[in-house]
Amino acid sequence: MTVVDVPPGTRTAETWLGGRFRLDERVSLDDQVSGFSGSCGSLWEARGLSLWKATDQLLNRPVTIYLLPRGPVPHAVVDAVQSAAKVSDPRLATIYDSDFDERCAYIVTEWTPGTHLEDLVLSGLPNPALAAAMIADAADALAVAHQAGRPHLRLTPRSMRWDNASGLKITGLGLDAALCGPGADDPVAADTTALARMLYALLTGYWPGDEATALPPAPRHKGNVCTPRQIRAGVPAMLDAIAYRGLQGQAADAPLRPQTPAGMAMALRMVQRPSYRLERLESEPVTQPGGQQRPGRHARARSGFRLRTTLLRPAA
């Protein structure tokens, strides 16, 4: 193994790791690692953690290199890498290689092109059908990871990338949480809620979570986050219910309340069938925050919070 000492802010075209990986260009940790801003990120950067775009000379492909600080590698990082490397799904960034030698520890992962969801939302909202498809794919991928015993635990708009050619890719499975911590008491609920937040952001352009992002915080009414349909006209009622109830963590028996990533994927697939198109149930105007009072039972039924098969119509 070639031991390297790469000064911060430099670019070296002939620095090698393991005789195989050539470091080409240093990239921003904050841009790639979800939740890396703040004291956690500053601590790791001060210790010497850096992120690189590199080339795998053996297979002639671009890769991402996490170059860890010298010294013992935390057990949480080793465990996250080893367990995530066993999860196989094309929508999850693959961990290719790692070396935890204290002189020069590094982790090699798949290079993920495309735009992370934060920039995607800032550049213009996708249509609701595409938003549903994207999060359904993400939920399917995390369902595979959960079945293998490896939750993500740090899913933010920066850990999901979209590329028109290759589709959706989730980065940092387990690793981002190990680097930034802390974990979650209920990993399944944490990842399911994170998926609902991602869907909410794609539908509205606002971020409903507490994490710091470039997205504006979601507007609130009487202390509660507004529903997607209160913010953006044209959001189908079914997607509104899935996003808001997944976000709010309402009672387990509430209609359309996803309990797991697999449940989230199943709910979204109901409104994402290729032979159907999404439509609103009614033409009445969307209630704005601070406007009308809470509707009665019949009004709620018309607003589409109950599962209504009339929401789905055969595509012309």
Side-chain angles (χ1 to χ4, degrees), residues 4-6 8-9 17-18 21 23 25-54 63-87 91-112 116-118 138 141-142 145-146 148-161 169-187 190-191 193-195 197-198 209-214:
V4 298
D5 186 6
V6 184
L17 295 174
F21 304 107
L23 302 184
E25 183 178 3
R26 186 165 180 171
V27 296
S28 168
L29 278 162
D30 186 55
D31 183 65
Q32 294 284 325
V33 182
S34 59
F36 200 77
S37 59
S39 59
C40 165
S42 300
L43 177 62
W44 273 100
E45 286 185 305
R47 291 181 55 198
L49 175 68
S50 59
L51 197 66
W52 294 78
K53 182 178 181 181
V63 294
T64 300
I65 300 280
Y66 292 76
L67 190 56
L68 301 177
R70 292 191 177 189
V73 179
H75 175 73
V77 174
V78 176
D79 178 67
V81 170
Q82 292 177 344
S83 59
K86 300 175 183 178
V87 182
R91 295 156 295 196
L92 298 171
T94 304
I95 294 180
Y96 292 137
D97 196 5
S98 61
D99 192 322
F100 297 119
D101 188 295
E102 293 186 12
R103 296 174 299 163
C104 182
Y106 61 88
I107 303 162
V108 185
T109 73
E110 179 181 356
W111 176 257
T112 52
H116 53 62
L117 261 61
E118 191 172 86
L142 288 187
H146 278 251
R150 170 42 63 189
H152 192 288
L153 302 179
R154 202 77 186 188
L155 195 66
T156 76
R158 288 189 176 272
S159 54
M160 291 176 62
R161 287 183 171 266
K169 189 75 72 171
I170 298 175
T171 63
L173 180 68
L175 179 58
D176 286 359
L179 289 173
C180 296
D185 294 333
D186 188 340
D191 279 356
T193 300
L195 287 166
R197 290 175 178 172
M198 224 70 62
D210 298 327
E211 301 88 348
T213 73

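Basis for what follows: all heavy atoms, side chains included, without hydrogens, waters or symmetry-related copies. Position 1 is the first residue of the sequence; numbering continues from there.
Atoms CD1 and OH, on Ile95 and Tyr66 in that order, are 8.0 Å from each other to the nearest 0.5 Å. Rounding to the nearest 0.5 Å gives a distance of 6.0 Å between OG1 of Thr64 and CG of Leu51. Here the NZ-CG distance, from Lys169 to Leu92, works out to 8.0 Å after rounding to the nearest 0.5 Å.
For Arg158 and Glu118, the salt-bridge test passes: some basic side-chain N is under 4.0 Å from an acidic carboxylate O.
Contact record, Asp191 with Leu153: OD1-N, 3.0 Å, taken as the closest heavy-atom pair. Nearest heavy atoms, Ala80 versus Gly174: CB-O, 3.6 Å. Across all their heavy atoms, Trp52 and Arg26 have their closest contact at CE3-N, 3.3 Å. Listed here is the closest heavy atom pair of Cys104 and Leu67: SG-CD1, 4.0 Å. Scanning both residues, His146 and Pro187, for their nearest heavy atoms gives CE1-O, 3.6 Å. Of all the heavy atoms in Ala138 and Met160, the pair that sits closest is CB-CE, 3.5 Å.
Every residue two or more places apart in sequence or in another chain that forms a side chain to side chain contact (heavy atoms under 4.5 Å, CB included) with Asp186 is listed here: Val188, Ala189. Applying the salt bridge (Lys or Arg N to Asp or Glu O under 4.0 Å) rule to Glu102 yields no partners; only residues at least two apart in sequence or on another chain are considered. Under the side chain to side chain donor-acceptor pair (under 3.5 Å) criterion, Arg150 pairs with Asp79, Ser83, sequence neighbours left out.
Here the side chains of Val81 and Val73 are not in contact, with every heavy-atom distance at 4.5 Å or above. Under the 4.5 Å side-chain criterion, counting only non-hydrogen atoms from C-beta, Thr109 is in contact with Ile107. Counting only heavy atoms from C-beta outward, the side chains of Pro157 and His116 never approach each other to under 4.5 Å.
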**Request:** Assess whether side chain to side chain contact (heavy atoms under 4.5 Å, CB included) is satisfied between Thr156 and Thr213, documenting all intermediate values.
**Result:** CA-CA 8 Å; Thr156 76; Thr213 73; 5.6 Å; no
**Asked** Going through the checks in order, is the side chain to side chain contact (heavy atoms under 4.5 Å, CB included) test met by Leu155 and Leu142?
**Response** CA-CA 10 Å; Leu155 195 66; Leu142 288 187; 3.8 Å; yes
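Put simply, the side chain of His152 never gets that close to the backbone of Ala177: no donor and acceptor are under 3.5 Å apart.
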